[in-house]
Amino acid sequence: MPEEPVVDVLIIGAGASGAAVAWSLADTKMHIVCLEQGGLMNPLEYPSTGRDWEARGQSDMAINPNQRGLPSDYPINEDASPIMVANFNGVGGGTVLYAGHYPRFHPSDFRVKSLDGVGDDWPIDYDDLAPYYGENDRMTGVAGLAGDPAYPHDNAHKLPPLPLGKSGQLLAKGFNKLDWHWWPSDTAIITEDYDGRAKCINLGACGSGCAQGAKSSADVTYWPHALRAGVELRTRCRVREITVGEDGMATGAIYYDANGDEQEVKAHVVVMACNGIGTPRLLLNSKSEQHPDGLANSSGLVGKNLMFHPYAWIQGVFDDEMEGYAGPTKVIRSQQFYETDAARGYVRGYTFEISRGMGPVRTVQAGMRHGKIPWGADHHAAFRRMYNRITGMVAVCEDLPEEHNQVTLDPTLKDGDGIPAPKINYTLSDNSRAMLDHAVARATDILQTAGANDIMTESPISWGGWHLMGTARMGTDPERSVVNEWGRSHDVRNLFIVDGSIFVTSAGVNPTSTIQALALYIADQIKSRLANLFD
Amino acid sequence: MPNSFTDAEKRTLAILADMVIPASAEYHAPSAGDDAIVSEILSDAERHHAHLSIGLATLETLARERHGIDFADLDSAQGADIVDTFRETHPGTANLIANLTTQCYYRDDRVMISLGMEPRPPHPLGFTVEQGDWSLLDQVRERDKFYRKTE
């Protein structure tokens with residue numbers, strides 16, 4: 001069999017960042033191959049097409065890979081973390097299951113050290129990313145509304161905001177009574193037909209895949225364009241290691257195909273897009289004589305500074321009936337407590353994401369978890385007091401980088417191809433605990449002001465490790481960072497990282513919009529330096 | 001669909017489902033121990049078979065130790081007594097059984113109709129959600145920009 005030609009660019013991972021970088025690089029007409037360990041999604045197989053849609057959100061479409069346990073998943077040892085990982089392995093990655101909350105970072109988020117004396121500053125700033133945020137919004141299809149006083153002015157194209165509905169109105173009135181900020185969420189859900197996709201029809205099951213295709217997951221936004229532009233996507237291909245030459249440069253990757261057969265692809269440039277867990281796992285699995293501590297790890301920081309966003313969950317039970325699970329999960333946001341105020345007893349801040357309601361199964365399970373819905377004859381009446389009457393919010397709290405929070409390789413746990421699995425060590429900081437407590441107290445104020453007759457809280461939520469950041473951080477100092485200010489490894493000059501691993505700090509917002517803007521920014525940096533990319 | 005549970009385990013799960021959600025004449029709602037619902041529970045429970053089998057065996061042991069008969073043969077007071085103990089000593093398994101029961105119960109036609117729901121999945125028809133009163137935002141629009149400047 002003839003040897004496969006060397007490809008120009010090998011991208012590992014077809015999620016949010018891999019899709020964006022593939023699409024952007026495609027206009028160079030280079031030979032680009034993307035390896036993805038999962039498959040191509042079929043929206044007609046998503047849970048909302050069946051009566052068991054809530055049950056499947058806890059089994060084969062659960063957000064936690066250990067719970068899901070699909071062949072495309074790899075196990076994660078989470079025993080030493082109070083927060084469990086949420087991800088998805090397939091074309092589109094985590095965006096297949098995300099709720100689509102799509103806010104940008106604030107300018108202050110890039111200057112955390114300078115402003116608050118904690119964490120580090122990014123080597124780039126909001127203005128560097130602003131054009132890429134705009135381009136990403138256009139490619140993605142984002143509902144929202146211009147003019148939010150919590151943000152700088154932007155000219156992004158926004159589709160009409162998601163409907164407020166009864167729950168949004170109820171809580172908006174609560175915020176207004178307190179004179180606190182709120183604004184329609186920037187949400188990656190199309191409210192008008194857009195880019196060949198049909199608009200949202202309020203299925204209400206955003207978190208287990210959108211059968212309508214209205215949620216802007218990367219498999220329906222960037223990938224169709226990237227494939228038409230000539231990018232080659234190979235699914236069910238799990239990379240074992242990145243290979244290197246005698247000079248220490250990356251030469252490609254060894255992977256297992258859908259049949260479990262070992263394959264090798266050689267490449268001039270390798271781009272990592274495997275998220276904040278998968279990327280350090282693969283780098284640490286790529287030890288060699290030239291890189292004995294793992295690839296791109298001369299700083300020792302690969303896997304360190306893992307940041308989640310600790311989440312608080314605060315829900316109110318109201319007398320009036322609302323829309324329950326119908327409609328997109330997210331409604332509005334509040335950033336009243338986003339920027340640092342030293343009087344609050346912590347630094348940095350959080351966003352309130354207001355969630356609409358729950359289906360019957362989530363309602364009864366929340367009610368049982370909180371002792372409000374019993375087993376037995378009283379079950380029915382207790383359930384009916386809560387069903388369609390719950391709304392509330394989560395607080396997305398900024399997590400600061402700490403080196404002891406890290407991803408390492410588990411000494412015994414392996415995936416289905418025998419590749420060592422990641423192990424998470426994570427503890428919640430005092431700053432995060434204080435921030436969570438503040439968020440629970442303020443959310444309680446809002447819910448009570450809005451008329452809640454009962455309130456349920458969980459803080460931090462254990463199942464909420466949606467955002468995986470910081471484990472191959474960006475910076476100008478090779479001793480204090482893994483990649484430079486345009487995403488290239490300090491150690492390996494043809495290796496780039498474009499996913500949430502490169503975040504320096506986490507901000508207090510969902511990261512996907514920033515992850516994809518960064519991927520587009522790095523793609524532009526590559527394109528503008530092609531003549532001397534490895535210098 | 002083939003199922004790995006023994007007949008005795010199936011019978012016990014049906015009894016437990018009925019204990020989680022009994023029938024209600026007031027709400028025109030069936031018991032979760034109804035045959036059709038139990039069939040769904042057994043199907044969903046398959047991926048938890050090993051865990052559940054251990055839990056159900058523990059329940060049987062408790063019944064025999066305390067009352068000298070199988071769990072399924074206990075009267076309602078004896079059954080409730082055993083289940084109370086089981087929920088205290090094995091909360092993880094008890095919660096799993098409750099979760100499986102509820103996730104199957106609340107997708108049954110009769111139950112959905114009793115709640116005023118259309119007995120159908122969300123897709124392809126979707127739902128209607130009202131826009132709401134956007135004039136509520138006027139108060140926020142009047143605020144000055146308040147994001148933190150970096151220079």
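A note on names: the letters A, B, ... follow the listed sequences, proteins ahead of strands, and every chain is numbered from 1.
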Candidate pair A:Arg384 and B:Ser114, rule side-chain contact (heavy atoms from CB on, under 4.5 Å), full reasoning: CA-CA 11 Å; A:Arg384 282 162 172 77; B:Ser114 82; 3.2 Å; yes
Evaluation steps, side-chain contact (heavy atoms from CB on, under 4.5 Å), between B:Val140 and A:Asn176: CA-CA 8 Å; B:Val140 191; A:Asn176 281 355; 3.9 Å; yes
Verdict with supporting geometry, A:Asp148 and B:Arg141, salt bridge (Lys or Arg N to Asp or Glu O under 4.0 Å): CA-CA 7 Å; A:Asp148 185 348; B:Arg141 289 180 195 275; over 6 Å; no
Intermediate values then yes/no, ring-ring contact (aromatic ring centres under 6.0 Å, His included), A:Tyr338 and B:Tyr147: CA-CA 8 Å; A:Tyr338 192 84; B:Tyr147 67 88; over 10 Å; no
Derivation and outcome, side-chain contact (heavy atoms from CB on, under 4.5 Å), residues A:Phe383 and B:Leu115: CA-CA 10 Å; A:Phe383 174 78; B:Leu115 288 167; 3.6 Å; yes
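The distance from atom CD of A:Gln365 to atom CG of B:Asn99, rounded to the nearest 0.5 Å, is 4.0 Å. Here the OG-NZ distance, from A:Ser108 to B:Lys149, works out to 10.5 Å after rounding to the nearest 0.5 Å. Here the OG atom belonging to A:Ser59 is positioned 7.0 Å from the CD atom belonging to B:Gln103, to the nearest 0.5 angstrom.
Residues A:Thr49 and B:Pro121 are not in side-chain contact: their nearest non-hydrogen atoms beyond the backbone lie 4.5 Å or more apart. Between B:Trp134 and A:Pro161 the shortest side-chain heavy-atom distance falls below 4.5 Å. For the pair B:Thr150 and A:Phe110, the minimum side-chain heavy-atom distance is 4.5 Å or more. When side chains are defined from C-beta on, A:Val361 does not count as touching B:Tyr105, because their heavy atoms never get closer than 4.5 Å. Side-chain contact between B:Met117 and A:Pro360 is present, with at least one heavy-atom pair separated by less than 4.5 Å. Contact of the B:Thr128 side chain with the A:Asn202 side chain is not registered, since no non-hydrogen atoms from C-beta on lie closer than 4.5 Å.
Using a 4.5 Å cut-off between heavy atoms, A:Trp182 contacts chain B through both its backbone and its side chain. Neither the backbone nor the side chain of B:Val111 comes within contact range of chain A; no heavy atoms are under 4.5 Å apart. Residue contact with chain B, scored on non-hydrogen atoms closer than 4.5 Å, is absent for A:Ser114. Heavy atoms closer than 4.5 Å to chain B are found in the backbone of A:Pro374, but not in its side chain. B:Arg143 touches chain A through backbone and side chain together, each having a heavy atom under 4.5 Å away. Proximity to chain B involves both the backbone and the side chain of A:Ala211, based on heavy atoms less than 4.5 angstrom apart. Only the side chain of A:His106 comes within contact range of chain B, with heavy atoms under 4.5 Å apart. In this structure, chain A has a heavy atom under 4.5 Å from the backbone of B:Leu125, while its side chain stays farther away. A:Tyr387 touches chain B through its side chain: at least one heavy atom from C-beta onward sits under 4.5 Å away, while N, CA, C and O do not. For a residue to count as touching a neighbouring chain, one of its non-hydrogen atoms must lie under 4.5 Å from one of that chain's; by this rule A:Tyr325 touches chain B with the side chain only. Proximity to chain B is absent for every atom of A:Ile332, based on heavy atoms less than 4.5 angstrom apart. In this structure, the portion of B:Pro124 lying under 4.5 Å from any heavy atom of chain A is its backbone and not its side chain. Within the 4.5 angstrom heavy-atom criterion, only backbone atoms of B:Asp108 (N, CA, C, O) approach chain A. Interface remark: A:Glu321 contributes no atoms to any contact with chain B (heavy atom separation under 4.5 Å). With a 4.5 Å cut-off on non-hydrogen atoms, B:Arg87 touches chain A through its side chain but not through its backbone. The parts of B:Asp133 that come within reach of chain A are both its backbone and its side chain, each placing non-hydrogen atoms under 4.5 angstrom from that chain. For B:Ala80, no part lies near chain A; criterion is any non-hydrogen pair under 4.5 Å. Of the two parts of B:Asp84, neither the backbone nor the side chain holds a non-hydrogen atom closer than 4.5 Å to a non-hydrogen atom of chain A.
Contact count against chain B (heavy-atom pairs under 4.5 Å) is highest for A:Asp116 among A:Asp116, A:Asp125, A:Leu145. Of the listed residues (A:Glu323, A:Arg369, A:His181), the greatest number of heavy-atom pairs within a distance under 4.5 Å of chain B belongs to A:His181. Of the listed residues A:Ala150, A:Pro107, A:Gly327, the one with more heavy-atom pairs under 4.5 angstrom with chain B than any other is A:Ala150. Of the listed residues (A:Leu115, A:Asp109, A:Val364), the greatest number of heavy-atom pairs within a distance under 4.5 Å of chain B belongs to A:Leu115. Note on B:Pro119, B:Ala29, B:Ala23: by heavy-atom pairs under 4.5 Å with chain A, the leading option is B:Pro119.
The main-chain N or O of A:Arg51 is never found under 3.5 Å from a side-chain atom of B:Arg107 such that the two would form a donor-acceptor pair. Between the side chain of A:Glu339 and the backbone N or O of B:Arg148 there is at least one donor-acceptor pair closer than 3.5 Å. Judged by distance alone, the side chain of B:Lys145 and the main-chain N or O of A:Tyr151 form a donor-acceptor pair under 3.5 Å. At least one donor-acceptor pair under 3.5 Å links the side chain of A:His380 to the backbone N or O of B:Pro22.
Between A:Asp60 and B:Arg47 there is no salt bridge, since no side-chain nitrogen of the basic residue lies less than 4.0 Å from a carboxylate oxygen of the acidic one.
Remark: B:Asp70 engages B:Arg64 in a salt bridge (charged side-chain N to carboxylate O under 4.0 Å, His left out) (not counting sequence neighbours).
Heavy-atom minimum distance, A:Gln169 versus B:Glu130: NE2-OE2, 3.2 Å. The two residues B:Leu136 and A:Lys173 come nearest to each other via the heavy atoms CD2-CG, 3.7 Å. Between B:Phe127 and A:Leu203 the shortest heavy-atom distance is CE1-O, 3.7 Å. Scanning all heavy atoms of the two residues, the minimum distance from A:Gly165 to B:Val129 falls at CA-CG1, 3.8 Å. Closest non-hydrogen pair, B:Ala98 versus A:Met368, comes out as CB-SD, 4.1 Å. Residue A:Pro184 comes nearest to B:Leu137 through the heavy atom pair CD-CD2, 3.8 Å, listed as atom of the first residue, atom of the second, then distance.
Heavy-atom contacts from other residues, nucleotides or ligands closer than 6.0 Å to CG of A:Asp320 number 12 or fewer. Under a cut-off of 6.0 angstrom, the local environment of NZ in B:Lys10 is crowded, with over 12 non-hydrogen atoms contributed by other residues, nucleotides or ligands. More than 12 heavy atoms of other residues, nucleotides or ligands lie within 6.0 Å of CG in B:Asp75, so this atom counts as buried by the packing criterion.
A side-chain donor from one of A:Asp179 and B:Gln139 sits under 3.5 Å from a side-chain acceptor of the other. If you check the side chains of B:Thr102 and A:Arg362, you find no donor sitting under 3.5 Å from an acceptor.
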